[in-house]
Amino acid sequence: MTPPGATGSAKNAGTLSPPAALSRLDILKRRTDFLRAARAKRQAMPGFILQARRRGSDEAPPDRIRVGVTCSKKVGNAVARNRAKRRLRELARRVLPQHARPGWDYVLVGRRETTETLVFADLLDDLRAALRHIHGE
RNA sequence: GCGGAUGGCCGGAUGGCCGCGGUCCCGGAUCCUGUCCGGGGUCGAGGAAAGUCCGGACUCCACAAGGCGACGGUGCCGGGUAACGCCCGGCCGGGGCAACCCGAGGGAAAGCGCCACAGAGAACAGUCCACCCCGGAUUUCGGUCCGGGGCCAGGGUGAAACGGUGGGGUAAGAGCCCACCGCGGGACGGGCAACCGGACCGGCGAGGCAAGCCCCACCGGGAGCAAUGCCGAAUAGGAUCCUCGCGCGGUGCGCCGCGGGCCCGCCUUGGGCCAGAGGGUCGGGUUGGCAGCUAGAGGCAGGCGGCAACGCCUGCCCCAGAGGAAUGGUCAUCGCCCGGUCCGCGAGGGCCGGGGCACAGAAUCCGGCUUACAGGCCAUCCGCGCAC
């Protein structure tokens, strides 16, 4: 199940994702979904916090992976928040299709300074590690 | 060349790989003809998008007339504009050698209020020291002390002391008188105006603060795109009709008429709303979707008018429309800055760095103001120095 290129070196990080990867992800848009995820499992990493929750059977199709990103005002002004959210979305797009589980909701929470400044390849590794931790591997 | 003033402009560049939102085209799937999938073309943040401080557009609500009042805002003059508290030109006052900059800049003989500290005295002021006169006492004959009066020139205080300097005058003084300056009024002249100049007159009688109240002139309904409209879905509250019921009056005993309270700033005329119980009918606040949602006081170029702000005309262009919120992620090269180091007398140049590249992200849309901002470019002008 290891996808090609998952060794994740910084040199060819740009060619990791297969096309149309994001088509397997849905975007969380409702406040109640975020609140439910925040009450479930969480894993803090230096550059972000990952929250994850297995959905109930009646909420959404069970084969879908859903993801949301959020940054509070603690992250900084509007420019800093937007940049942090864009990097978190890119992380999700690169990692979740191969490593996440269908039927789950994931929320990535930005952190002050680090979400914007850490090396991107390290963030990719951290997200994969956080997913392993959540799923108890 | 150095220092300064003003106005305007830019605010990283290029290329791989992988993505996102709008729109158009092509192909496919489903076939409830609207969704979904794939491919391609094209467009996709700012000078402040920011603060939300003014002015509008646009929606909905309110709005009958007259009189009286209340509240808020603006405040030299003229022009520009859809409008403004904005902009342009001018005036006055202040600062600067200058270019130029700064100023909420109407009214203080309508009234009220305030003017700390210091000082004798701070608004129809006042006698602390000093000066002068008169009377008395005393005397070492210079004066000293006491009482009464004159007086505001001098000292001293202050941000400010009821004009300044000089002369005459006087017991000493004082615009008391005179000259000049200042001040007030002002025929007349210039200017659309603010305002400027000013013959002549007046000895010169009364300070400042109106970003204290106030007076005067002018302007001003309220709320905001989470406005507002449409569509779809379960529960509590509304609108209308019918019946019954309360009080008073009239009754031909079938019924008929009237009724209280509150609100519209106040008053007059006038208008609106609500009012017990039961039943029937009807439309609607919150969450989701769609619309509003971007062609506009629009941009660019040229011409004409105007000192300018700006206006008019012609031609061309279409220039973000998201909605947990797209406009990017990552890598490389270049550019700029910084630090270290080496070479050179110096201007400068080489190398290294897993150092840095500002302020900041459209949210209905425009016109302004204000605030933030690494670095850089252009034009005009002023002062000083050098050369000719």
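By convention in this document, chain letters (A, B, ...) are assigned in the order of the sequence lines, proteins followed by strands, and residues within each chain are numbered from 1. Just so it is clear, the model here is predicted, and its values are computed rather than measured.
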**Student:** Syn or anti: how is B:G47 classified when any glycosidic angle within 90° of 0 counts as syn?
**Tutor:**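 What B:G47 shows is a syn base, its glycosidic angle lying within 90° of 0.
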**Student:** Nearest whole Å is fine: how far is B:G329 C1' from A:Leu88 CG?
**Tutor:** 12 Å
**Student:** Pick the C1' atom in B:C177 and in B:U170, then give their distance to the nearest Å.
**Tutor:** 12 Å
**Student:** Atom CG of A:Leu108 to atom C1' of B:G329: distance rounded to whole Å?
**Tutor:**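 Going from A:Leu108 (CG) to B:G329 (C1'), I get 15 Å.
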**Student:** Pick one for B:A45: is it syn, with its angle within 90° of 0, or anti?
**Tutor:**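 That one's syn.
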**Student:** Distance check, rounded to the nearest 0.5 Å: A:Arg128 atom CZ versus A:Leu123 atom CG?
**Tutor:**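 Between A:Arg128 CZ and A:Leu123 CG, I get 11.0 Å after rounding to 0.5 Å.
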**Student:** If the glycosidic angle is within 90 degrees of 0 it's syn, otherwise anti, so just tell me which one B:G149 is.
**Tutor:** anti
**Student:** Check the distance between B:A363's C1' and A:Asn82's CG and give it to me in whole angstrom.
**Tutor:**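 The distance from CG of A:Asn82 to C1' of B:A363 comes to 12 Å, rounded to the nearest Å.
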**Student:** Could you check which of B:G328, B:U330, B:C18 has an atom nearest any side-chain atom of A:Arg86?
**Tutor:**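 Among B:G328, B:U330, B:C18, the one nearest the side chain of A:Arg86 is B:G328.
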**Student:** Is there a Watson-Crick or G-U wobble partner for B:U251 with both distances under 3.5 Å, and which nucleotide is it?
**Tutor:** none
**Student:** Without decimals, in angstroms, what is the distance between A:Arg93 CZ and B:U330 C1'?
**Tutor:** 10 Å
**Student:** Counting heavy atoms from C-beta on, name the nucleotide in B:G354, B:U330, B:G328 closest to the side chain of A:Val119.
**Tutor:**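 The answer is B:G354, which lies nearest to the side chain.
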**Student:** From A:Asn82 CG over to A:Asn77 CG, what is the distance, rounded to the nearest 0.5 angstrom?
**Tutor:** 9.0 Å
**Student:** Looking only at atom C1', what distance separates B:G220 and B:G80, rounded to whole Å?
**Tutor:**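 It comes out at 23 Å once rounded to the nearest Å.
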**Student:** If we ignore hydrogens and angles and just use 3.5 Å, is the side chain of A:Thr114 paired with the main-chain N or O of A:Pro46 as donor and acceptor?
**Tutor:** yes
**Student:** Give me the distance, rounded to whole Å, that separates B:A233 from B:G238 when you measure between the P atoms they each carry.
**Tutor:**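 Those two atoms are separated by 24 Å.
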**Student:** Which whole number of Å gives the distance between the P atom of B:G103 and that of B:C76?
**Tutor:** 14 Å
**Student:** Going by side-chain hydrogen bond (donor to acceptor under 3.5 Å, both in side chains), name the residues that satisfy it together with A:Gln43, two or more places apart in sequence or in a different chain.
**Tutor:**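 For A:Gln43, the residues satisfying side-chain hydrogen bond (donor to acceptor under 3.5 Å, both in side chains) (neighbours in sequence not counted) are A:His133.
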**Student:** In whole angstrom, give the distance that lies between atom NZ of A:Lys85 and atom C1' of B:G19.
**Tutor:** 18 Å
**Student:** If pairing requires Watson-Crick or G-U wobble contacts with both distances under 3.5 Å, which nucleotide is the partner of B:A223?
**Tutor:** B:U59
**Student:** Return the nucleotide paired to B:C381: Watson-Crick means purine N1 to pyrimidine N3 with N6-O4 or O6-N4, wobble means G-U with N1-O2 and O6-N3, both under 3.5 Å.
**Tutor:**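 Pairing partner, where one exists within any strand: B:G4.
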**Student:** Considering Watson-Crick and G-U wobble pairs with both distances under 3.5 Å, what does B:G27 pair with?
**Tutor:** B:C37
**Student:** Scan every strand shown for a Watson-Crick or G-U wobble partner of B:C359, both distances under 3.5 Å, and answer none if you come up empty.
**Tutor:**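 Paired with B:G46.
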**Student:** Return the value, rounded to whole Å, for the distance between atom CZ of A:Arg81 and atom P of B:A360.
**Tutor:**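 Rounded to whole Å, this separation is 13 Å.
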**Student:** For atom C1', what is the distance between B:A326 and B:A320, given to the nearest Å?
**Tutor:**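 The answer is 10 Å between these two C1' atoms.
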**Student:** On a whole-Å scale, what distance lies between the C1' atoms belonging to B:C131 and B:G173?
**Tutor:**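 These two C1' atoms come out 9 Å apart once rounded.
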**Student:** Tell me whether the side-chain N/O atoms of A:Arg83 come closer than 4.0 Å to OP1 or OP2 in B:U327.
**Tutor:** no
**Student:** Taking salt bridge (Lys or Arg N to Asp or Glu O under 4.0 Å) as the definition, give me every residue that meets it alongside A:Arg83, ordered by chain and number, with sequence neighbours left out.
**Tutor:** A:Glu116
**Student:** Where each residue is assigned the nucleotide of RNA chain B containing its nearest heavy atom, which of A:Ala80 and A:Val107 is assigned the position nearer the 5′ end?
**Tutor:** A:Val107
**Student:** What interatomic distance, in whole Å, is found between P of B:C92 and the corresponding atom of B:G67?
**Tutor:**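 Going atom to atom, P in each nucleotide, I get 44 Å.
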**Student:** Both distances under 3.5 Å, Watson-Crick or G-U wobble: report the partner of B:C312, or none.
**Tutor:**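 B:C312 is paired with B:G303.
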**Student:** Short question: side chain of A:Tyr106, backbone of A:Ala92 - any donor-acceptor pair under 3.5 Å?
**Tutor:**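 No.
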**Student:** What is the distance, to the nearest angstrom, from the CG atom on A:Asn77 to the P atom on B:A358?
**Tutor:** 12 Å
**Student:** State, with a plain yes or no, whether a side-chain heavy atom of A:Leu91 is found less than 4.5 Å away from one of A:Leu124.
**Tutor:**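 Of all side-chain heavy-atom pairs linking A:Leu124 with A:Leu91, at least one is under 4.5 Å.
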**Student:** For B:A374, decide between syn and anti, treating a glycosidic angle within 90° of 0 as syn.
**Tutor:** anti
**Student:** Using the closest heavy atom to pick a nucleotide of RNA chain B for each, name whichever of A:Arg87 or A:Thr70 lands nearer the 5' end.
**Tutor:** A:Thr70
**Student:** Would you please confirm or rule out a distance under 4.0 Å between OP1 or OP2 of B:A326 and any side-chain N or O of A:Arg89?
**Tutor:**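 Answer is yes, contact under 4.0 Å.
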**Student:** Sticking with atom C1', work out how far B:A130 lies from B:G156, rounded to a whole angstrom.
**Tutor:** 11 Å
**Student:** Mind telling me if B:G142 is syn or anti? Syn here is a glycosidic angle within 90° of 0.
**Tutor:** syn
**Student:** Identify the nucleotide, in any strand shown, that forms a Watson-Crick or G-U wobble pair with B:U371, with both distances under 3.5 Å; if there is none, say none.
**Tutor:**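 Pair assignment: B:U371 / none.
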**Student:** Okay, side chain of A:Arg87, backbone of A:Gly110: is any donor-acceptor separation there less than 3.5 Å?
**Tutor:**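 Checked: no pair found.
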**Student:** What is the separation between atom CZ on A:Phe120 and atom P on B:G328, rounded to the nearest whole Å?
**Tutor:**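 Rounded to whole Å, this separation is 15 Å.
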**Student:** Provide the Watson-Crick or G-U wobble partner of B:G339, both distances under 3.5 Å; none if there is no partner.
**Tutor:**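 Base partner found: B:C352.
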